Amino acid sequence: MWSSCHPKSDEDLKECAELGKSLNRLSQPTILALMAKEGKPMHGYIIVKEAANSPMFGGKKPDATGIYRALRRMEEGGLVTSEWETPAEGSAKRQFALTDKGYSCLRRWIDALACYQLTLQELRQEAADALGIELPDTPVCSHSA
C-alpha cells in the first residue's frame, strides 16, 4: 500500500500517473509560501531544495527547471523580483524576493486552495457513487508488489 499523496517511488507514481504529482499550477503557492516563511530573499537552488519538503513534493526534489520557469513567470507577473548576487569568490547566484503583490497572491491562494479542496471532495464523492462504493476516508491506492 502507498499513499496517493506521497508515492514511494517513480514506479509507484507510474502505476497511477494520472494522480498528478506534476500539478504545476500548485508550484506557485508552494514557492510563494516558502518565500513568505523565509521572510528574506532566497537563492533559487534553496527554493528547489526546500520545495522538496513541502506537501506538494512529499520529500522528492522537484524538477529544478520547472521551479526556475515558475519563478521567471512569477517575476514577469510582478509576484517576485530577482537580482544577481556576485560574491568576490564563487559563482554569481540569483536571489528572489517576494513583492507585496506576491504576498497578496499567496493570500488569495489560501482561499483558492480551499475551493479546490471542496471541489475535489465533491468529485471524489461523485466517483465513489459512480462505482457504487462508500467514499473512503483515507486516500489509499494498492498495487501488487
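Quantities reported herein were computed from a predicted structural model and do not represent experimental measurements.
A distance-only check finds a donor-acceptor pair linking the side chain of Y68 to the backbone of Y45 [under 3.5 Å].
I133 belongs to a hydrophobic cluster whose remaining members, ordered by chain and number, are L131; membership requires side-chain heavy atoms of ILVMFWY residues under 4.5 Å apart, directly or through intermediates.
Minimum heavy-atom separation, S27 to A70: OG-CB, 4.0 Å. The nearest pair of heavy atoms linking L106 to A36 is CD2-CB, 3.7 Å.
Take R72 and apply the salt bridge (charged side-chain N to carboxylate O under 4.0 Å, His left out) test, not counting sequence neighbours, and it matches no residue. Under the side chain to side chain contact (heavy atoms under 4.5 Å, CB included) criterion, T119 pairs with no residue at all, not counting sequence neighbours. For the side chain to side chain contact (heavy atoms under 4.5 Å, CB included) test, no residue two or more places apart in sequence or in another chain qualifies with K49. Not a single side-chain hydrogen bond (donor to acceptor under 3.5 Å, both in side chains) links D137 to another residue, sequence neighbours left out. A search for salt bridge (charged side-chain N to carboxylate O under 4.0 Å, His left out) contacts involving D100 returns nothing, not counting sequence neighbours. Residues meeting the side chain to side chain contact (heavy atoms under 4.5 Å, CB included) test with A127, sequence neighbours left out: none. Residues that satisfy the side chain to side chain contact (heavy atoms under 4.5 Å, CB included) test with T99, not counting sequence neighbours, are T81, K101.
At least one side-chain heavy atom of M74 sits under 4.5 Å from a side-chain heavy atom of L32. Residues T30 and I67 fail the side-chain proximity criterion, which asks for heavy atoms closer than 4.5 Å. Contact check for Q121 versus L135: side-chain heavy atoms found under the 4.5 Å cut-off. Side chains of R69 and T65 form a contact here, defined as non-hydrogen atoms less than 4.5 Å apart.
Listed by first and then second residue, the salt bridge (Lys or Arg N to Asp or Glu O under 4.0 Å) pairs involving residues 102-129 are R107-D111 (not counting sequence neighbours).
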Next item on the list: Would you sort out whether L113 and L26 count as a side chain to side chain contact (heavy atoms under 4.5 Å, CB included), showing the intermediate values?
Entry: CA-CA 9 Å; L113 291 169; L26 296 183; 3.7 Å; yes
Check: What do the steps show when you test C105 against Q28 for side chain to side chain contact (heavy atoms under 4.5 Å, CB included), and what is the final call?
Finding: CA-CA 10 Å; C105 182; Q28 186 183 83; 3.6 Å; yes
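With values rounded to the nearest 0.5 angstrom, M42 atom CE is found 5.0 Å from I47 atom CD1. Taken from CG in L71 to CD1 in I31, the straight-line distance is 4.5 Å, to the nearest 0.5 Å.
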Contacts table for residues 84-97: side-chain donor-acceptor under 3.5 angstrom, sequence neighbours left out:
{"from": "E85", "atom 1": "OE1", "to": "H43", "atom 2": "NE2", "distance (Å)": "2.7"}
{"from": "R94", "atom 1": "NE", "to": "S82", "atom 2": "OG", "distance (Å)": "3.3"}

